[in-house]
Amino acid sequence: MVSVQWFPGHMHATQKALRERLKSTDVIIELLDARLPGSSANPLLAQLIGDRPTLKILNKEDLADPVRTVQWLAHYNAQPRTRAIALHAHTPGPARTLMAECRRLAPHRGGMVKPLRVLIAGIPNVGKSTLINTLLGKRAAKAADEPGVTRQEQRIVLADDVYLYDTPGLLWPKIIVPESGDWLAASGAVGRNAFDEEAVALALLRALQADYPALLEARYRLGLAQAALAALPDHELLAAIGRKRGALLPGGRIDPHKAAEAVLADFRAGAIGRITLETPHTFAAWLHAAQAAEAQRQALRQGRRTARQDATPQAAPSKPSTRSSP
Ligand code: G4P
C-alpha cells in the first residue's frame, strides 16, 4: 500500500467554494477513471453531493476492460437519481451525449430563463480538460491540478441554456482503502514524488497476475504458461519484465526501479491491454475491510488517549487546569 500525500492546504478553500457552487447546481458530473471507478470516486464529493442528480462518467473506457465497464455502469445506473455512461474523452460524438443525459436528470431545467447548471468534478488526470476541450471542439489545453496550483472556477457555455462549471480538482484528506492508494498512483492521478513506484508496480503486477495473466504474457513474452506466470513471486515477475525491457544497472544487474517505471508507463498507456483493477463487488469488499480497520484504529487511539488521561495525576485543586478531567 502506498502512503499518498496529496491534500494541500488550499483544498479547504476549494471545498468551501464547491459547497457554495453546489447551492445553485442542477446536475453534478462526476468524472471517474473507468479502470478504477470506485477508487477514483471522491468520498468527500459524495458527502457534498448528497442526493443531487448525478451523471457518472467512466472516462478512459478505451483503456478499461469492457466486461467490467458494463458491470460498473449497471451498478451506478441502479442508484437513485444517477445515470452512468462510459466515454473516451477524445471522441466528440459520444462526449456530446452527456448533455442529453444531464437534461434527463433535470427535466425541470432548460431554456434561457432556467438554464441547466452543471458542475463537473474529478480527480487530477482523469481527463476533465480533455473532455471539456472535446465538448468545445478545441485542442487540449492542460489546466494544472498540481498541488499548490490554485485554479479559479470557470463557466463554460455548452449550449444557450446549458452552463458547465469547472471546479478546481478536489482531493480528499485520507485514502483509507489501501488498494485505492495503489491504483490512484498507478493510474497517474498522484504526482510521482508522492509514492514509491516499485511498491505500486508490485501491487499492480499482483492484480494483473490474478486477473489478466494472458495480457501480461502477451505484452512481455516471458515464455510462461498462465498458471506459472500467476504463481510467480511479484519481485521475480518484476525482475523478469526488467530483463525483457532492458532495465539494467551498470554491471548488468536488473534495476527494479526502472522496471517499475516501465510497468507503470505501460499500464498508463494501455500497452498491457484493456484493464480494470476493481469490480463493484471487490471494491465494496475492500471498502468494508478498510472502514472496519479504520474504526479499529480510531478505537485504539481513543483507548490510548483515555489511558493517558487516567494515568495523569490530578492537578492540585487550588491550581487552574486547562486539561479536562477524565
Ligand atoms: P485532467 O484535466 O482531468 O487533469 O486530465 P487531462 O484532460 O489533462 O487528461 C490527462 C491525460 O489523460 C492526458 O494524457 C489525456 O490525453 C488522457 N486522457 C483523457 N481522457 C482520456 C480517454 O478517454 N482515453 C485515453 N486513452 N486517454 C485520455 P497526457 O498523456 O497527460 O497528455 P496528452 O498526451 O494527451 O497531451
Side-chain angles (χ1 to χ4, degrees), residues 4 6-8 10-11 14 18 28-37 39-42 44-45 55-66 68-70 72-73 76 84-98 101 118-156 158 164-172 183-194 197 204 215 219 261-277:
V4 175
W6 77 340
F7 200 70
H10 70 74
M11 279 299 139
T14 302
L18 197 58
I28 292 121
I29 294 181
E30 191 180 8
L31 206 53
L32 301 170
D33 187 325
R35 298 165 300 171
L36 45 142
S39 293
S40 58
N42 183 339
L44 207 54
L45 184 71
L55 175 63
K56 310 250 190 202
I57 294 182
L58 302 187
N59 193 38
K60 307 198 183 185
E61 70 149 339
D62 54 308
L63 302 176
D65 176 341
R68 292 189 168 180
T69 297
V70 169
W72 278 103
L73 289 176
Y76 289 130
I85 56 173
L87 277 190
H88 175 187
H90 294 92
T91 52
R96 283 198 204 99
T97 61
L98 73 85
E101 294 293 347
V118 181
L119 181 137
I120 186 164
I123 58 167
N125 256 340
V126 71
K128 199 147 56 92
S129 321
T130 305
L131 179 60
I132 291 172
N133 285 316
T134 298
L135 287 167
L136 295 176
K138 281 198 215 158
R139 273 177 57 81
K142 175 76 185 154
D145 254 340
E146 294 293 321
V149 179
T150 37
R151 254 200 314 133
Q152 296 302 310
E153 175 189 270
Q154 295 181 57
R155 192 183 81 158
I156 296 140
L158 289 183
L164 181 69
Y165 293 90
D166 177 20
T167 57
L170 176 70
L171 306 177
W172 54 102
W183 304 163
L184 286 164
S187 72
V190 180
R192 54 186 304 182
N193 295 330
E197 285 175 312
L204 177 65
L215 292 185
R219 170 69 186 160
E261 279 181 345
V263 168
L264 294 178
D266 282 351
F267 171 69
R268 288 175 192 155
I272 307 173
R274 296 181 68 170
I275 289 162
T276 300
L277 295 166

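Whatever order the structure lists ligands and atoms in, that order sets their numbers, starting from 1.
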field: Atom indices of ligand 1 within 4.0 angstrom of K128 heavy atoms, with elements
entry: 1 (P), 2 (O), 3 (O), 5 (O), 7 (O)
message: Which of the numbered atoms in ligand 1 are under 4.0 angstrom from any heavy atom belonging to A89?
response: 20 (N), 22 (C), 23 (O)
message: What I'd like to find out is whether the side chain of R35 reaches to under 4.5 Å of the side chain of F267, using heavy atoms alone.
response: yes
field: Geometric N/O contact P124 with ligand 1, under 3.5 angstrom
entry: no
query: So how far is it from L31 CG to N125 CG, rounded to the nearest 0.5 Å?
result: 11.5 Å
- prompt: Among D33, D166, D62, I120, which residue places a heavy atom closest to atom 26 (N) of ligand 1?
  reply: D62
message: Closer than 4.0 Å to some heavy atom of L63 - which atoms of ligand 1 meet that?
response: 26 (N)
Which side-chain N or O atoms in residues 86-95 pair as donor and acceptor under 3.5 Å with protein atoms at least two apart or in another chain?
{"unit_1": "H88", "atom_1": "NE2", "unit_2": "H90", "atom_2": "ND1", "d": "3.3"}
{"unit_1": "T91", "atom_1": "OG1", "unit_2": "H88", "atom_2": "O", "d": "2.7"}

- request: Could you tell me whether L131 and ligand 1 have an N or O pair separated by under 3.5 Å?
  value: no
task: Give the contacting part of L31 toward ligand 1: side chain, backbone, both or neither, where contact means a heavy-atom distance below 4.0 Å.
output: neither
task: Could you tell me the separation between the CD1 atom of I156 and the CD1 atom of I132, rounded to the nearest 0.5 Å?
output: 4.0 Å
field: Residues forming a salt bridge (Lys or Arg N to Asp or Glu O under 4.0 Å) with E61, sequence neighbours excluded
entry: none
- prompt: At what distance, to the nearest 0.5 angstrom, does CD1 of I85 lie from CD1 of I57?
  reply: 4.5 Å
